Number of protein chains: 2
Amino acid sequence: MTSKQEFIEKLRNSSLRPTKQRINICEVLFNRDKTFHFTINDLFNLVKDETGEKVSLATVYNTVHAFHKKGYLKEIPINSNQTYFDTNVTDHHHFFDVKEEKLIDLKNEDVGPIEIQKSIPGKKIKSVEVLVKLED
Amino acid sequence: MTSKQEFIEKLRNSSLRPTKQRINICEVLFNRDKTFHFTINDLFNLVKDETGEKVSLATVYNTVHAFHKKGYLKEIPINSNQTYFDTNVTDHHHFFDVKEEKLIDLKNEDVGPIEIQKSIPGKKIKSVEVLVKLED
DNA sequence: TCCTTGTTTATAATTATTCTAAAGAAGATT
DNA sequence: AATCTTCTTTAGAATAATTATAAACAAGGA
Ligand SMILES: [Mn+2]
Ligand SMILES: [Mn+2]
Ligand SMILES: [Zn+2]
Ligand SMILES: [Zn+2]
């Protein structure tokens, strides 16, 4: 449970002005028990529902991109009409329940270490992500 | 090198009428030495360039979806503004060169077997895909 | 040849995302 | 506190990938 004051400091330390909107978004995103997987639209609705204050859609986009750039959010590679983000920014893998359109974290020990044996000259590995699609 | 006649048979066997447009698209997609990774727009342009006959964008979409549904194309999960498809429909993994926006196949032996230790009640695993992002 | 059904196509509709530019708020400077 | 600068929010417009529509057309069967 992070206090509003702590969010304000964190934003300032990231050279992001602590606006009412950003603080509300922080509370929705980061005051959760579990990893939170969401689309922009999910977040837009949750901010309204959970804080009672409406934030414009443009601001949700702006803020998510700002947080993503600062490394506070991760983008999850799946094919969907909407982009998914994740509050768990560590290297980790996912289940994707295709029917429910829901992401579930996999612990690294549930997947095991992955050694990539091939390399491309002049390129280095930035990330290795496993996506496990689930069906009924 | 598959002949036009063979494409016609293959289409018929899939209860897809062998139209001029579909045959042209088949030749662009499947008469290649290597696995072919593409977006709809790539394909749209290549059909025009390689066959000299223009096919409407709608038909490219329709055909790709039809082939995908029949299992002749695979959709690759990456976040991009365009959807990527793959003529290699076997289970396999990818490099994604973020700068060049290009996919490269990984052989299964370059990644090794992946054992998923976790399961979700009532769900079964449909696919396991590794995406390795590359940077300079 | 006629008939039915599937296909192509131009075009419009939809939808997620980004852009624009004006109004507002934050922080710094006096 | 008043002023100034820079950043942020916002409504709305623009963009761009994809999907839907519906009329013309082509394939295959009778
Ligand atoms: Mn982003
Ligand atoms: Mn598809
Ligand atoms: Zn996650
Ligand atoms: Zn591939």
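Lettering follows sequence order; numbering is per chain, from 1. Every value quoted in this text rests on a predicted model; they were computed, and no experiment measured them.
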Okay, side chain of K70(B), backbone of S14(B): is any donor-acceptor separation there less than 3.5 Å? yes
Any side-chain N or O of H65(A) below 4.0 angstrom from OP1/OP2 of dT18(C)? yes
Could you give the OH-to-C1' distance, from Y84(A) to dA16(C), as a whole number of Å? 13 Å
Is the backbone of T83(A) close enough, under 3.5 Å, to the side chain of N79(B) for a donor and an acceptor to pair up by distance? no
In whole angstroms, the gap separating C1' of dG6(C) from CG of L16(B) amounts to 10 Å
Strictly under 4.0 angstrom, non-hydrogen atoms only: write out the protein contact profile of nucleotides 20-29 of chain C, one letter per nucleotide from the 5' end, B, S or -. -----BBS--
Rounded to whole Å, CG of L43(B) lies from C1' of dT18(D) at a distance of 15 Å
Roughly how many Å is it from CG in L11(B) to P in dG6(C), rounded to a whole number? 16 Å
With a cut-off of less than 4.0 Å, is there a side-chain N or O of K54(A) near OP1 or OP2 of dA11(D)? yes
Over 60° means perpendicular and under 30° means parallel, so tell me whether F30(B) and F67(B) are parallel, tilted or perpendicular. tilted
Kindly say if Q21(B) contacts the phosphate of dA26(D), meaning a side-chain N or O under 4.0 Å from OP1 or OP2. no
Rounded to whole Å, please give me the gap between CZ in F38(B) and P in dA17(D). 16 Å
Measure NZ/K69(A) against P/dC7(D) and give the value in whole Å, please. 13 Å
Have a look at T83(A) and say if it touches a base, only the backbone sugar-phosphate, or nothing, with a 4.0 Å heavy-atom cut-off. sugar-phosphate
Report yes if a side-chain nitrogen or oxygen of Y61(B) is closer than 4.0 Å to either non-bridging phosphate oxygen (OP1 or OP2) of dT18(D); otherwise report no. yes
If you assign each of Q82(B) and I8(B) to its closest nucleotide in DNA chain D, which residue comes earlier from the 5' end? Q82(B)
So that I can tick it off, tell me whether K124(B) and D136(A) are bridged by a salt bridge, with the cut-off set at under 4.0 angstrom between side-chain N and carboxylate O. no
Ranking dT18(D), dA17(D), dA16(C) by distance to the side chain of N81(B), first place goes to dA17(D)
Output the rounded distance in Å from CZ (F44(B)) to P (dA10(C)). 9 Å
Backbone N/O of F36(A) and side chain of T87(A): donor-acceptor pair under 3.5 Å: yes
Check the surroundings of atom NZ in K118(A): do more than 12 heavy atoms from other residues, nucleotides or ligands lie under 6.0 Å from it? yes
5'-most contact on DNA chain D: R22(A) or N41(B), nearest heavy atom basis? R22(A)
How close or far is atom P of dA16(C) from atom CG of N45(A), stated in whole angstroms? 12 Å
Does the side chain of I125(A) come within less than 4.5 Å of L134(B)'s, by heavy atoms? yes
